[in-house]
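Chain A is the first sequence line, chain B the second, and so forth, proteins listed ahead of strands; every chain is numbered from 1.
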Amino acid sequence: MKQKIEALLQQSLQTLVNENIIKTLPAIQVSRTRDARFGDFSSNIAMTLAKQAAMSPRDIAQHIINYLPADPAVTKAEIAGPGFINFYQAEARSLDVIRQILQQKTHYGHSQAGGGERVQLEFVSANPTGPLHVGHGRGAAYGATLAALMRATGYEVDCEYYVNDAGRQMNILAVSIWIRYLQSFDIKLPFPSNGYKSEAYIFDIAEQIKQAHQTKFVQTAEVVIQKLPTDEAEGGDRELYIDALITRARELLGKDNYQIIFNAGLSSILADIRQDLEEFGVIFENWYSEQTLADRGLITQAVEQLQQAGYIEERQGAQWFLSTRFGDEKDRVIIRDNGTHTYFASDIAYHLDKFQRGYQRVINIWGADHHGYVARVKAAISALGESADKLTILLVQFANLYRHGERVPMSTRSGSFVTLRQLREEVGTDAARFFYVMRKCEQHMDFDLDLAKSQSNDNPVYYIQYAHARICSVMTQLKEKQLQHKPDTGNKNLHKLTEKHETELMTKLAAYPDIIHKSACNAEPHLLAHYLRELANLLHAYYNAHHFIIEDKNLRNARLNLILATRQVLSNGLTLLGVSAPEKM
RNA sequence: GCGCCCGUAGUUCAGCUGGAUAGAAUAUCGGUCUCCGACACCGAAGGUCACAGGUUCGAAUCCUGUCGGGCGCGCCA
């Protein structure tokens, strides 16, 4: 309908150009009105033309309307306010929406706008050193919803989790497990200050290793700690100590045995993360290991490619990537003076590989604390000859949890570390998924745990789900009254739906495809969340004002068609958000 | 100090590629169940869109500055 009006305006404006009233064709904007007093659609075109035509906006608008071709879909076009042209659509158009929804069912609102473009969406990618916490939850919910929205609008999306299984943190994890393992044999060893000290799962993994391998990795305390530097607890440096301990572990255990402990930690934690996400309704097509980048020589390859392009310079024994050439604030080290590559180097290789795997668009969802990293990654992509525009980096702000009006502290140190799993257990997956995407992602968010848990109208999730359940309940009632719903009868009598509540509901239903499109294109799932609340509100208001199960068979079936169409859209929208649409509550 | 994000009703937030009287929810106050689920509906009240300039027919929206909050500025990951 929007396109239709744009086309009509286009024709009218062309005539005006031909008659030299205006010189150039401007971009035409038509939008749905936010108020029924302004008709169904509106354009500000006359106001944007006022200057070049040297006329008042209202005068231009009159000219435009005069030349507007007649169309059965448009019943009226009128000038309003400072010079808006408001369009009123024929009733048949809005009635048609109900038929469309009932026919297209779960596909209503979907489009082919993406044209099958291959998109990679990378998100969460938390270090596999422990369970996901509530901060990761927002990225997970946001990413999964964006993926669903993009799939609904014709993109081919792969979700990917980048597993940081090669860094120093992973070695710290392995050593932490090993020390706990040794301690379980009553070997008196101090736990490293910089290790994963209070994490319960470390004990569990150590115990599993003990069960599987018994004493295979046992060493005496003397051998383990001899000649190590002093740890922080004795006034030393925690970083130096843990690095020395890692080296010691490798020497004593040998490469293979060290790897067994390392892998036990990695696979156990990764399996936990994976299950956690699945229960949260977040599924990844790919789990991409950072370690394989090095194993396949891709990091060396990426560095060489930068070298050949002339963007590498040696300074003080290290290799620097000249990212300032591409707008970064400063150049970045990619190979240290000790010959090892930095995290940034593997990230360059990783992003290069994304493009080489054929993705036409690459989207990364990062925590907002990584924003300083955006420029250098884009710089690297440009330097490697790819277009940095193909990479979109979306930053998600932190969520603060509130319980009883008080902010829940969330540091690992304070011991009140809140995991995603704990959150799900407390408020449920539906509420968590909805609350996370209810806000714009660049907006700091206050997550009210009490509200998310409450089963009342305060809680938008229940409010929307209740609307869905209520419609289901009407259908149950219908059966109990020995009545049958006749969709065809309903469709033939849609013109009887003339109540204000009914036309408002239809207008809202018709807006759904636009909302999906906009949510997907702008990566703003919160638009859909808000839309669903508004739709539920109209349904509840309608329900309270009118009866559906009435004597008049024709009107009854028309009304049932309308509420079933509403149920369909509620269900479609909730599904995209990863929230269930229950039949009973 | 520099950079990025944010500042809208008591509170939590929409609205931001400039458009009509700045909207919801919640809290507060007042109504609505002999009637398909009151997990709902209807109404009232609540605003210097942080502040100050600028751009123009028009600014919550764009630009500049100030103030306030968050985050980032490693040969860490």
Side-chain angles (χ1 to χ4, degrees), chain A residues 27 29 31 33-35 37-38 42-44 47-48 50-51 56-57 80-84 86 127 129 164 166-170 172 239 290 315-320 329-330 332-347 367-375 395 397-398 400 402 405 438-448 451 454-463 465-467 469-478 480-481 483 522 524 526-527 529-531 533-534 536-537 539-550 556 559-560 563 584-585:
Chain A
Q29 282 178 44
S31 56
T33 55
R34 61 157 191 257
D35 194 310
R37 287 171 307 156
F38 305 137
S42 170
S43 178
N44 63 350
M47 285 178 285
T48 63
K51 200 160 202 178
S56 81
F84 290 100
N86 293 337
N127 282 349
T129 52
N164 296 116
R168 179 166 168 264
Q169 287 303 320
M170 289 306 295
I172 295 177
E239 307 292 345
E290 180 189 359
R315 291 177 203 161
Q316 289 118 30
Q319 305 292 319
W320 293 69
E329 291 173 345
K330 48 178 103 168
R332 312 287 174 176
V333 171
I334 61 170
I335 306 289
R336 299 186 189 100
D337 56 7
N338 67 10
T340 60
H341 66 262
T342 60
Y343 177 81
F344 182 40
S346 47
D347 228 19
D369 54 335
H370 286 74
H371 67 76
Y373 211 73
V374 174
L395 299 171
Q397 293 288 341
F398 300 120
N400 290 315
Y402 283 79
M438 203 165 52
R439 305 297 176 219
K440 246 186 340 202
C441 71
E442 64 264 35
Q443 185 73 256
H444 297 267
M445 176 175 91
D446 289 343
F447 193 124
D448 186 335
L451 181 59
S454 87
Q455 308 205 355
S456 73
N457 56 344
D458 311 2
N459 187 340
V461 185
Y462 281 89
Y463 185 83
Q465 288 180 322
Y466 178 40
R470 228 177 184 182
I471 298 168
C472 295
S473 174
V474 170
M475 299 314 286
T476 311
Q477 278 292 322
L478 190 74
E480 282 172 11
K481 293 187 176 171
L483 292 169
N522 300 344
E524 294 182 329
H526 73 280
L527 296 177
H530 284 271
Y531 170 87
R533 213 214 167 266
E534 289 158 15
N537 175 242
L539 187 277
H540 287 309
Y542 182 34
Y543 182 97
N544 276 36
H546 300 284
H547 274 256
F548 310 141
I549 303 176
I550 48 175
R556 180 177 73 225
R559 285 185 171 172
L560 291 174
I563 64 168
K584 272 185 196 163
M585 295 172 69

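Atom CG in A:L451 sits roughly 12 Å away from atom C1' in B:rC13 (whole-Å rounding). Note: CE (A:M438) to C1' (B:rU26) measures 11 Å, nearest angstrom. At whole-Å resolution of the value, NE2 in A:H526 and P in B:rA24 are 17 Å apart. Taking atom CG of residue A:L395 and atom P of nucleotide B:rC4, one finds them 13 Å apart after rounding to whole Å. With rounding to whole Å, A:D448 atom CG is found 13 Å from B:rC13 atom C1'. For A:Q443 and B:rG15, the CD to C1' distance is 12 Å, given to the nearest whole Å. At whole-Å resolution of the value, CD in A:E534 and P in B:rA14 are 13 Å apart. Nucleotide B:rC16 holds its P atom 12 Å from the CD atom of A:E442, rounded to whole Å.
Comparing B:rG10 with B:rC75, their P atoms are spaced 47 Å from each other, to the whole Å. One P atom belongs to B:rU28, the other to B:rG65, and the distance between them is 44 Å to the nearest Å. Taking atom C1' on both nucleotides, B:rU61 is separated from B:rG18 by 6 Å, rounded to a whole Å. For the P atoms, the distance linking B:rA59 with B:rG54 amounts to 12 Å, nearest Å. A gap of 11 Å separates the C1' atoms of B:rG47 and B:rA60, to the nearest Å. A gap of 15 Å separates the P atoms of B:rA24 and B:rA20, to the nearest Å. Taking atom C1' on both B:rC6 and B:rU21, the two are 28 Å apart, rounded to the nearest angstrom. Atom name P, nucleotides B:rC49 and B:rA22: the rounded distance is 10 Å, in whole Å.
Residue A:H530 is the one, among A:H530 and A:A541, whose nearest nucleotide of RNA chain B lies closer to the 5' end (criterion: closest heavy atom). Nearest-nucleotide positions on RNA chain B place A:D446 closer to the 5' end than the other of A:D446 and A:Q477.
Nucleic acid contact for A:M475: none, since no nucleic acid atom lies under 4.0 Å from a heavy atom of the residue. Nucleic acid contact for A:D347: none, since no nucleic acid atom lies under 4.0 Å from a heavy atom of the residue. A:N537 comes within contact range of the sugar-phosphate backbone alone, with a heavy-atom separation under 4.0 Å but no base atom that close. Within the nucleic acid shown, A:A80 comes within 4.0 Å of at least one base atom, counting heavy atoms only. Within the nucleic acid shown, A:S42 comes within 4.0 Å of at least one base atom, counting heavy atoms only. Using a 4.0 Å heavy-atom distance criterion, A:A375 is classed as making no nucleic acid contact.
Proximity note for A:H540 (side chain, C-beta onward) versus B:rU12, B:rA20, B:rC41: the nearest is B:rC41. Side chain of A:R439, nearest nucleotide from B:rC13, B:rA38, B:rC5: B:rC13. When each of B:rA38, B:rC36, B:rC5 is scored by its nearest atom to the side-chain atoms of A:R470, the top-ranked nucleotide is B:rA38.
Considering only heavy atoms from C-beta on, A:L527 stays 4.5 Å or farther from A:H530 through its side chain. Under the 4.5 Å side-chain criterion, counting only non-hydrogen atoms from C-beta, A:I549 is in contact with A:K481.
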Nucleotide by nucleotide, nucleotides 68-77 of chain B touches protein heavy atoms under 4.0 Å in the pattern (B base, S sugar-phosphate only, - none) -BSBSSSBSB
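When atom types are taken as modelled, the side chain of A:R336 and the backbone of A:I334 share no donor-acceptor pair closer than 3.5 angstrom.
Residue A:Y463 places at least one side-chain N or O under 4.0 Å from the OP1 or OP2 atom of B:rC41. OP1 and OP2 of B:rC5 both lie 4.0 Å or more from every side-chain N or O belonging to A:K440.
Considering all non-hydrogen atoms of both residues, A:V474 and A:I563 come closest at CG1-CD1, 3.9 Å. The minimum heavy-atom distance linking A:S42 with A:T33 is given by the pair CB-CG2, 3.5 Å. Minimum interatomic distance between A:R556 and A:I550 (heavy atoms only, all atoms of both residues): NH1-O, 2.9 Å.
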Side-chain polar contacts of residues 441-448 of chain A - donor-acceptor pairs under 3.5 angstrom, sequence neighbours left out - could you list them?
residue	atom	partner	partner atom	Å
A:D448	OD1	A:D450	N	3.0
A:D448	OD1	A:L451	N	3.1

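In textbook terms, a nucleotide whose glycosidic angle is within 90° of 0 is syn, while B:rC29, being further out, is anti.
Taking CD of A:E480 as the reference point, atom OG of A:S473 lies at 8.0 Å (rounded to 0.5 Å). How far CD of A:Q319 is from NE2 of A:H341: 14.0 Å, rounded to the nearest 0.5 Å. Distance check: A:L539 CG to A:Y463 OH gives 9.0 Å after rounding to the nearest 0.5 Å.
Ring pair A:F548/A:Y542 is tilted by interplanar angle, where 30° to 60° counts as tilted.
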Intra- and inter-strand pairing of RNA chain B, written as dot-bracket with Watson-Crick and G-U pairs under 3.5 Å and | for the latter, reads (((((((..((((.....[...)))).(((((.......))))).....(((((..]....))))))))))))....
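Side chain to side chain, A:E290 and A:S346 meet the donor-acceptor criterion of an N or O pair below 3.5 Å.
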